[in-house]
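Only one structure is covered here, and it is reproduced in the block below.
A note on names: the letters A, B, ... follow the listed sequences, proteins ahead of strands, and every chain is numbered from 1. Just so it is clear, the structure is predicted and the values come from calculations on it, not from any experiment.
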Amino acid sequence: MLTLDVTHSYPGFQLRVQQALPSSGITALFGRSGSGKSTLLRVIAGLDAGAKGRVAWQNEVWQDSNHFTPPHKRGLGFVFQDTRLFPHLTVAQNLAYADTRAKGLPGPSLDAIIAALDLDPLMSRRPTTLSGGEASRAAIGRALLTRPRMLLMDEPLAALDEARKAEILPYLERLRDQIGTPMLYVSHNMAEVARLATHLMLIDAGRITHHGPIEALLSDPSIAHTLGVREAGSILCATLTAQDDDGLSQLTTSAGPLWLPQVTAPIGSRIRVRLLAQDVILSRSAPTGLSALNILPATVTDVRTGDGPGALVQLRAGDDLILARITRRSATALGLAVGTRCFAILKSVSVARGNIGTTPSNPPATL
Amino acid sequence: MSIPDLGPLWLSLHLAAITTLLLLVLGTPLAWWLAQTRSRAKPVVEALTALPLVLPPTVLGFYLLILFSPSSTFGGFWLQTTGETLTFSFTGLVIASILYSLPFTVQPLQAAFESIGRAPLEAAASLRASPFDSFLTVAAPMAKRGFLTAMVLSFTHTLGEFGVVLMVGGNIPGKTKVISIAIYEHVETINYADAHVLSAILLVFSFVTLLLVYSLNRRFAHGGQA
């Protein structure tokens, strides 16, 4: 566990964080530009010596009023937004730079990292000749080869276009599920966070406003406004049970079956689906004669109305929580209140490919 | 055409080589400090380092002559510990040349270190490299053009040294009679033939050296270096 009690001020900005971070899974640090995400990451890594307060890992104090552990002795990995691969070294030499300085430490082998990130074809190349996505993969691999106690990632995909991002995300899921190094992942992209994170910390104006397991936070209607209602959406966990002939994949959720277009994963895989609140339709009676394939029985657990014409409804469907964004008028017309039984309707094709990913089925294995 | 005494040429090359080597040892930490520090003393140190660029060599030489004199604290201390005087000696010339060529080592190195910036060093620290480790394995290789420029400029600048040598070293064959002094002497004694040969050697040598540096720089640039 990483415990933080730090303040860091510079003109026009103050970071003040008192927080314990889990030492497993991926914790996403989410906030808009200038909210202090990167600053907090640099403070944890010891790259910003101007911060005051206390930083400790388990029983090891890295920073307090009379002690400061320099960054190279903290045993943290850091993936910078601009990759920072050494230009005078090849990819293989960049990886070896980390590997030789972490000799004898437990963690994934060089071969395991090369395989997981598909780095073999890049080994003899110089960083300047790599594409954005290739450079990101090499930088992530290099950081993992320091056998870090925790990997800090500062918007590693921010510089990439959507296509490149989609190319990297499966690699990160694979690292999360196979390598098991705990990560603190800074991002301002909710789709990315929903794919990867197990925990979520929201940061605004230098303060942590919310934190908790990602499924709980993303299905909390009181937080949706902080995230932006268009981005609001819950995470549904499912198992891939069949690939149908017409291109649809059958997923089984705790509330019933779900059909989504072409989920490419082996049968039996655990899949996480991000359901955008605005893509969910509610009905009081079981709908018939509807083109939508996905109809899950659910119970209303919360209804939030704001100043605008919208309303956010939280529903329990089996073990999962779903968020639906409907109009206030509809909420009134349907008489939705806590305890109301209804049906959540989801159009199969409305779930974008980028919102479907894998999720760890077992405790992360160590390679 | 007769071949003049080449002793002064070898002496100059010897002096330039030793000076360059010592400057590399002394100038690198100084340049590194200047590139990294946020100290308020930085502009003072920068100005002091750059002083030999603007100061007339005779002025530098004059002060060194006073400093080296056995009646001064430094000169006296040197005489006591080594049994030799610094004035009109090769050692004195080396010390003078180090000061005289200091900016030609420090400035290119400082510029090279500054252009590398903090980012690669932070990356190295995040890969468990100590500051010294990251200097050797990241900063120094990334600054290799700066090192090449610093070495070549310091070497050629020392080779062409005249005013300071005249003030502190005089004209002692085999000890302080460097090539520029020899050329001056040949001209004074109207021995233009020998002055021509020595000048031509210096001209060709300087040109070839610079040509080599610029060609190498071009190769570095095309090798995909930042």
*Should we say atom CZ of B:F77 is surrounded by more than 12 heavy atoms from elsewhere, each under 6.0 Å from it?*
no
*Do you know which two heavy atoms are closest between B:P131 and A:H72, and how far apart they sit?*
CD-CE1, 3.5 Å
*From B:L127 CG over to A:L95 CG, what is the distance, rounded to the nearest 0.5 angstrom?*
10.0 Å
*Rounded to the nearest 0.5 Å, how far apart are CD of A:Q93 and OG1 of B:T137?*
12.0 Å
*Where do A:R147 and B:R128 come nearest, in terms of heavy atoms and distance?*
O-NH2, 3.0 Å
*Taking everything shown except B:F62 itself, do over 12 heavy atoms lie less than 6.0 Å from its CZ?*
no
_Exceeds 12 heavy-atom contacts within 6.0 angstrom, atom OH of B:Y214_ = no
*Which atoms form the tightest heavy-atom contact between A:F86 and B:A123, and what is the distance?*
CE2-CB, 4.1 Å
*For atom CE of A:M150, decide whether the heavy atoms of other residues, nucleotides or ligands shown that lie under 6.0 angstrom number more than 12.*
yes
*A:P148 versus chain B, heavy atoms under 4.5 Å apart: side chain, backbone, both or neither?*
backbone
*Give a yes or no on whether B:Q80 atom CD has more than 12 heavy-atom contacts from other residues, nucleotides or ligands under 6.0 Å away.*
no
_Interface moiety of A:L144 toward chain B, non-hydrogen atoms closer than 4.5 Å_ = neither
*Considering only heavy atoms from C-beta outward, does the side chain of B:D133 approach that of A:R101 to under 4.5 Å?*
yes
*Give, as side chain, backbone, both or neither, the part of A:R74 having an atom under 4.5 angstrom from any heavy atom of chain B.*
neither
*Taking every non-hydrogen atom, the tightest pair across B:S134 and A:Y97*: CA-OH, 4.0 Å
_Around atom NZ of A:K52, are there more than 12 heavy atoms from other residues, nucleotides or ligands closer than 6.0 Å?_
no
*Side-chain touch A:F80/B:E122, heavy atoms, less than 4.5 angstrom*: yes
